[in-house]
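Below is one structure, written out as structure tokens; the observations come after it.
Throughout, a chain's letter reflects where its sequence line sits, starting with A, and its residues are numbered from 1.
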Amino acid sequence: MKSPGLRAYAIGYLIFLYAPILLLPIFAFNDSKIIAFPLSGFTTQWFGEMWQDAQLWSALKNSMIISGTTAILATGLGIFAARASTRYTFPAKGGLIGLIMLPLVLPEMIVAMLLLVVFLAISVPLSIFTVILGHVLITTPFSVAILSSAFQSLDKSFEEAAYDLGEGPVSTFRLIILPLVMPGIISSLLICFTISLDEFIIAYFLSGSDTVLSAYIYGQFRFPAKVPAMLALGTILVLVSVMLLSIAEFFRRRGIAKTGGKDTGGFL
Amino acid sequence: MTTTKPTMIEFRDVHKYYGDYHALRGISATIRAGEFFSLLGPSGCGKTTLLRTIAGFEGIDTGVVLIDRKDMARVPANERPTNMVFQSYAIFPHMSVEENVGFGLRRDPRTKTEKQAAVEEALAMVGLKGFGKRAAHALSGGQRQRVALARALILKPKVLLLDEPLSALDKKMREHMQVELIKLQRQVGITFVLVTHDQEEALVMSDRIAVMFDGEIAQLADPETLYRRPNSKKVADFIGTMNFIPATVLGESGGRIEIEAKGLGRVELMAEQCPAGRGDAPMVGLRPETLTLLYPGQTSTERTVAGVIDEVIYFGDMTYYDVYLGGTDVEVRLSMRNVPGRLIMDVGTSVDVAWSPEALVLFR
């Protein structure tokens, strides 16, 4: 960063990016229902109010089920896809991987709309289950991306050595490949979980009468009295998200260090 | 000699294609039991591919690979009586040294204590006693190699395959490990098959060497024959240094061939000095150490030729001289040991060079 112009630009950019997030905790602890400066006083009342909210707990429970299941399913699918794309060659491989990765760039609005139309057409009742299907669709590409890099950095001779020493394909996968890509798997689980937890459009469209957290928060903004409690919730969610992503990155880096590979970049 | 040893591995007209690329072009050879055998050649010559067909990591398109008289066509890698030391060593990074070494014993019916004893024994054999609890990624290159050896040898394979195992080590360590490997091979008596691109390494370590070019075995012989009597210019060029001097064949009679070599004059060669012709322009080959620089006043019982020193290359233990032979444009390189009292000659000095007809090999 030699030029002062670029330095100013970088600082300005970071402020633009993170200042709104900094406002979240500030107003979560502010002793007023109105979100405006000047601050009137310190309180933890909103956190208490949030804690008492039964609907919030039910939405949180739904979201946890959705995000947990999504993370496991997407990562499971990701393992197969990443393994296939890094180790085998087969006809139309590029096209197939492209199709798997496509939801990464498709507008979520379109995905949500189309899924809604399809579910209604084949009369699948909207519920947590349909949200999980939608979330698996959009998180699997992330899982494939993370796990492909994990499988790619795996030296093929590890597998060959295991065969050479008498193991079959299944035990080789269990004893050698799985432990070596485990950091990637953990990282994938955490990132898919976070994405699913934050996701709004699909959750809103496909959840039916089961309220999920993101949709619940959106709904609460209609009531000015509820806004500070939502800011308190938002503060907690930001903390949890940052924590999960940090853990994911920690495991990803540790995995690279462990197998002696070179870091080719990740999500953080 | 080794001729009485039974056959351990046999290749019968083995062909292998990668798409259009013909990687192995009709390999036929036998490797004997208890032999230290090397596959030597430049990169891309098919030596690693051939090694991997023994291990079972590569299938073959036509031909037969037999190990201990059994056809390996339907035997997968994990059931073959071979173990491999990988070029990267492939030490499992998430396991300790003893877990790595004991990995192949997982299906062994022996008790835990017996297995533990076997691991200790294998580690002791490669000089890593007491390293069992170390983490695999905390080892040096030489130690990794020893762990890979112990891990492969603990299963007492019929054949140990070594894929350029020394190429990742520095020169000192490499020379040390060459000797260690020879000793280890004599100790365990297992057939070793080594892949290397380093001709010196192959000469030092092997009982027999197969020199490979372009998916074919160019010559299969013991190190001395390979060095003294290479069967083609290509092999001669690959193994060590050789001077090539244009020659003309004057006549053949009774197993003797008379030639005229540029700068050296007329020479009579024995049949064994003349490998089968390939239709190339005739050349004689001469190793640098078979030529001797005569110092002023020195005489030789060998034939001599006058020359002029064109270049002096000092190597510490040796000095290499490039010498123009007797007013021709033929330049030969010769090597002299730097013994006490022997001066290094200057560029431009006129000298006599002694040589012996027996040292020549004719390529044509």
Side-chain angles (χ1 to χ4, degrees), chain A residues 79 82-83 86-94 146-147 149-189 250-264, chain B residues 18-19 48 51-52 54-58 75-96 99-109 122 135-139 141 144 147-157 159-165 168:
Chain A
I79 290 173
R83 168 78 177 164
T86 51
R87 191 56 89 230
Y88 304 109
T89 49
F90 42 88
K93 175 172 154 180
I146 295 165
L147 288 169
S149 100
F151 277 104
Q152 199 84 65
S153 63
L154 200 64
D155 186 349
K156 197 181 178 206
S157 56
F158 288 138
E159 274 167 64
E160 289 181 341
Y163 289 133
D164 192 57
L165 295 165
E167 299 299 332
V170 177
S171 55
T172 297
F173 192 79
R174 188 169 61 81
L175 294 166
I176 304 297
I177 300 170
L178 215 49
L180 290 178
V181 296
M182 193 46 85
I185 292 174
I186 292 172
S187 159
S188 159
L189 283 172
F250 168 78
F251 275 104
R252 196 188 64 81
R253 286 190 188 169
R254 198 183 68 161
I256 287 169
K258 214 171 163 186
T259 49
K262 232 177 102 188
D263 199 339
T264 50
Chain B
Y18 292 111
T48 297
L51 188 81
R52 290 168 62 84
I54 306 175
F57 298 137
E58 301 283 352
V75 184
N78 52 354
E79 288 166 25
R80 293 196 182 192
T82 61
N83 284 113
M84 181 128 143
V85 173
F86 290 83
Q87 185 168 15
S88 62
Y89 308 144
I91 303 296
F92 304 133
H94 58 303
M95 296 181 186
S96 68
E99 283 171 323
N100 262 287
V101 174
F103 188 82
L105 298 179
R106 265 173 38 84
R107 283 148 201 275
D108 196 300
H137 58 80
L139 298 176
R144 277 161 190 268
V147 173
L149 270 170
R151 185 176 70 180
L153 286 172
I154 200 170
L155 294 172
K156 307 217 177 333
V159 182
L160 183 74
L161 306 169
L162 302 124
D163 185 7
E164 308 235 11

Side chains of B/F103 and A/L175: closer than 4.5 Å at any heavy-atom pair? yes
Side chain of B/N83, backbone of A/D164: donor and acceptor closer than 3.5 Å? yes
Hey, are the side chains of B/R107 and A/L165 touching, using non-hydrogen atoms and a 4.5 Å cut-off? no
Measure across B/P93 and A/L180 and return the closest heavy-atom pair with its distance rounded to 0.1 Å. CG-CD2, 3.4 Å
A/E160 versus B/R52: any side-chain heavy-atom pair under 4.5 Å? yes
Got more than 12 heavy atoms from elsewhere within 6.0 Å of NZ, B/K156? no
Given heavy-atom pairs under 4.5 angstrom as the criterion, report whether the side chain, backbone, both or neither of A/D155 touches chain B. side chain
Can you list, pair by pair, the side-chain donor-acceptor contacts under 3.5 Å of residues 147-154 of chain B, counting residues two or more places apart and other chains?
{"residue": "B/R151", "atom": "NH1", "partner": "B/A90", "partner atom": "O", "Å": "2.9"}
{"residue": "B/R151", "atom": "NH1", "partner": "B/N100", "partner atom": "OD1", "Å": "3.2"}
{"residue": "B/R151", "atom": "NH2", "partner": "B/Y89", "partner atom": "O", "Å": "3.2"}
{"residue": "B/R151", "atom": "NH2", "partner": "B/A90", "partner atom": "O", "Å": "3.0"}

Within the 4.5 Å heavy-atom criterion, are A/Y163 and B/P76 side-chain neighbours or not? no
Heavy-atom distance under 4.5 Å to chain B: side chain of A/S171, backbone, both or neither? side chain
Less than 4.5 Å to any heavy atom of chain A: does that hold for the side chain of B/F92, its backbone, both, or neither? both
